[in-house]
Protein chains: 2
Amino acid sequence: MEKTRAVTARNSPDAARDIPEATVARLPVYLRALTTLSDQGTTTCSSEELAVAAGVNSAKLRKDLSYLGSYGTRGVGYDVEYLRYQIAREIGVTQDWPVVIVGIGNLGQALANYSGFRSRGFRVVALLDADPARRAEAVAGLEVRPFADLEQIVHDHGVAIGVIATPAVAAQDVADRMVACGITSILNFAPIVLSVPDLVDVRKVDLSIELQILAYHEQRKMQGAVTEEVTA
Amino acid sequence: MEKTRAVTARNSPDAARDIPEATVARLPVYLRALTTLSDQGTTTCSSEELAVAAGVNSAKLRKDLSYLGSYGTRGVGYDVEYLRYQIAREIGVTQDWPVVIVGIGNLGQALANYSGFRSRGFRVVALLDADPARRAEAVAGLEVRPFADLEQIVHDHGVAIGVIATPAVAAQDVADRMVACGITSILNFAPIVLSVPDLVDVRKVDLSIELQILAYHEQRKMQGAVTEEVTA
DNA sequence: TCCGTTTTGTTCTCCCGTTCACAAACTCCT
DNA sequence: AGGAGTTTGTGAACGGGAGAACAAAACGGA
């Protein structure tokens with residue numbers, strides 16, 4: 001394993017180079033910016049233009065792209081379509097990823113209806129909820145099925161990614177069941193720290209945490225204003 | 001300003017010490033963990049216990065807390081209630097923050113109904129949408145008002161934080177209007193990079209980016225499996 | 001009172017990520 | 001063909017955060 005990676009790391013186009021995590025997190029942003037440029041009819045762009053569109057420093061952008069390979073032309077820039085495909089392939093969104101959503105409350109429904117998933121290579125194959133009342137009507141054209149169906153669905157569709165949009169109290173149970181079914185990537189919206197095996201990836205989105213971070217800075221802005229008044 | 005900060009930085013309890021951004025992002029997690037512990041009836045906890053509950057390293061937790069002050073007791077640990085209050089005060093969620101949500105589609109409705117905002121010091125004071133059809137019925141007990149009312153609402157309630165849940169094409173316009181009204185912190189759910197003045201804070205939540213990051217790692221897991229089979 | 005135990009607060013070191021700066025490489029124009 | 005201009009890719013310096021490790025401090029028991 002180690003040896004294989006060492007040999008293929010530099011040159012092979014499909015080698016699994018180890019891309020820094022910070023870079024991985026920005027690749028989707030670049031992809032989005034390139035798609036926008038492409039829609040506008042732009043065929044070529046410089047690192048500076050793309051950096052502006054992605055809201056980052058151009059040197060950082062170039063270094064990020066250099067981890068994927070040399071896809072630009074010096075003195076010219078990058079071919080928008082070509083680069084877009086290369087990034088999409090590196091991320092893995094040239095293929096379709098089946099996804100299940102568990103917890104069809106307000107947030108779960110919003111996620112089920114979100115068109116941005118489908119357009120970026122993700123297909124919601126099932127909606128699950130433990131509450132029978134929630135299963136009365138279809139959401140986003142899909143019936144809401146009992147949570148017990150999870151294993152069957154994961155098996156049938158080869159699901160590797162699960163989304164948790166349940167209340168906090170239910171989230172750990174759901175995660176455990178997901179892991180038991182073979183899901184290895186979880187996007188967690190519940191405000192709780194999930195514990196999962198090392199080989200399972202978890203990313204969390206906590207809406208109120210984001211607001212709290214903003215509040216902290218907002219408070220400092222106000223304190224600063226007061227301090228200035230006092231010292232003035 | 002510089003001088004004032006230098007003088008008050010170390011000792012004054014309400015001084016605006018500069019807390020590292022990485023620490024700020026974790027404080028809300030600690031706050032959540034402490035609330036959970038408190039609800040369970042725990043009155044005292046060690047850094048190790050709290051670290052486990054927050055999903056971080058205990059050394060990192062202690063260092064984070066040390067930026068706020070010395071709120072623990074050596075040999076004993078931390079008083080849950082006391083620490084909880086100190087963190088809440090540092091973040092600024094002991095006071096109430098009025099918030100406006102613009103874009104009352106699926107996601108906007110979910111946000112409007114999210115109880116986690118209210119319970120953590122945020123109060124949704126208005127829902128705005130440019131589409132008259134959306135204003136037909138109330139959402140989360142609030143009427144949906146025209147976007148033109150933004151300035152009046154911001155002025156009346158002293159709103160400093162705005163949430164954008166519109167489609168991408170509308171987001172920059174909304175942000176510009178928010179900034180013009182005096183909003184200085186924006187939580188952006190639209191998949192686009194907003195450009196705002198330096199003194200305005202923007203945090204973004206992009207649902208599909210999170211999935212793409214998971215997809216990248218998922219793809220690598222699979223590649224790794226294949227490589228192992230080949231080399232075996 | 002004194003010693004062992006526990007746990008915090010902090011120092012030190014290492015590593016990752018960011019940014020600068022520049023050589024290499026490509027285009028275009030003469 | 002050659003030189004001027006442009007832009008990429010990357011080496012190197014820099015800064016910040018993570019984690020180990022330890023000294024300082026508090027508690028409890030004898």
Side-chain angles (χ1 to χ4, degrees), chain A residues 9-11 13 17-30 33-34 37 42-80 82-84 86-87 90 193 198 213 216-217, chain B residues 9-11 13 17-30 33-34 37 42-80 82-84 86-87 90 213 216-217:
Chain A
R10 277 301 134 201
N11 295 334
R17 306 170 202 80
D18 54 331
I19 297 179
E21 193 54 37
T23 297
V24 171
R26 282 188 294 268
L27 289 181
V29 180
Y30 303 152
L34 286 166
L37 288 174
T42 309
T43 59
T44 295
C45 72
S46 68
S47 65
E48 185 59 38
E49 291 173 88
L50 185 54
V52 169
V56 301
N57 181 300
S58 68
K60 179 156 52 176
L61 169 70
R62 288 200 299 277
K63 177 152 284 193
D64 284 342
L65 295 185
S66 76
Y67 291 115
L68 314 190
S70 278
Y71 295 136
T73 307
R74 299 179 191 218
V76 178
Y78 300 92
D79 181 282
V80 172
Y82 182 61
L83 183 57
R84 186 162 78 103
Q86 293 300 338
I87 293 179
E90 190 71 40
V193 176
D198 283 346
I213 295 170
Y216 170 80
H217 292 294
Chain B
R10 278 302 134 201
N11 295 334
R17 306 172 202 79
D18 54 333
I19 297 179
E21 193 55 35
T23 297
V24 172
R26 282 188 294 267
L27 289 180
V29 180
Y30 303 153
L34 286 166
L37 287 174
T42 310
T43 59
T44 295
C45 72
S46 67
S47 64
E48 185 59 37
E49 291 173 89
L50 185 53
V52 169
V56 301
N57 181 300
S58 68
K60 179 157 49 176
L61 169 70
R62 288 199 301 276
K63 182 177 284 191
D64 283 342
L65 295 183
S66 76
Y67 290 115
L68 314 189
S70 278
Y71 295 135
T73 308
R74 299 178 191 222
V76 178
Y78 300 92
D79 182 282
V80 172
Y82 182 60
L83 183 58
R84 186 162 78 103
Q86 294 300 339
I87 293 179
E90 189 71 39
I213 295 170
Y216 170 80
H217 292 294

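Every heavy atom of this structure was used, including side-chain atoms; hydrogens, water molecules and symmetry mates were not. Letters A, B, ... mirror the listed sequences (proteins, then strands); counts begin at 1.
Not counting sequence neighbours, the partners of B:V76 by the side-chain contact (heavy atoms from CB on, under 4.5 Å) test are B:T44, B:T73. Applying the side-chain contact (heavy atoms from CB on, under 4.5 Å) test to B:A59 and every residue at least two apart in sequence or in another chain returns B:N57, B:R62.
A:I19 places its CD1 atom 16 Å from the C1' atom of C:dC16, with the value rounded to the nearest Å. We find that CD of B:E49 is positioned 13 Å from C1' of C:dT6, with the value rounded to whole Å. Between the P atom of C:dT7 and the CG atom of B:D79 lies a distance of 16 Å, rounded to the nearest Å. For the pair B:R74 CZ and C:dT7 C1', the interatomic distance rounds to 9 Å; values are reported in whole Å.
For A:Y67 and C:dC16, the shortest distance from a side-chain N or O to OP1 or OP2 is not below 4.0 Å. Side-chain nitrogen and oxygen atoms of B:S47 include at least one within less than 4.0 Å of the OP1 or OP2 phosphate oxygen of C:dT8.
For the salt bridge (Lys or Arg N to Asp or Glu O under 4.0 Å) condition, no pair includes a residue of residues 48-61 of chain A, sequence neighbours left out.
Residues from residues 56-65 of chain A that place a heavy atom under 4.0 Å from any atom of DNA chain D, listed by number: A:R62, A:K63.
No contact: B:E48 has no heavy atom under 4.0 Å from any strand.
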Measure all distances between protein nitrogen or oxygen atoms and nitrogen or oxygen atoms of nucleotides 2-5 of chain C, and list the pairs falling under 3.5 Å.
none

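Read 5' to 3', the first and last nucleotides of DNA chain D with an atom closer than 4.0 Å to a heavy atom of chain A are D:dT6 to D:dA12.
Atoms CG and OG1, from B:D79 and B:T42 in turn, are 11.5 Å apart once rounded to the nearest 0.5 Å.
Counting heavy atoms from C-beta on, the side chains of A:I213 and B:E21 come closer than 4.5 Å.
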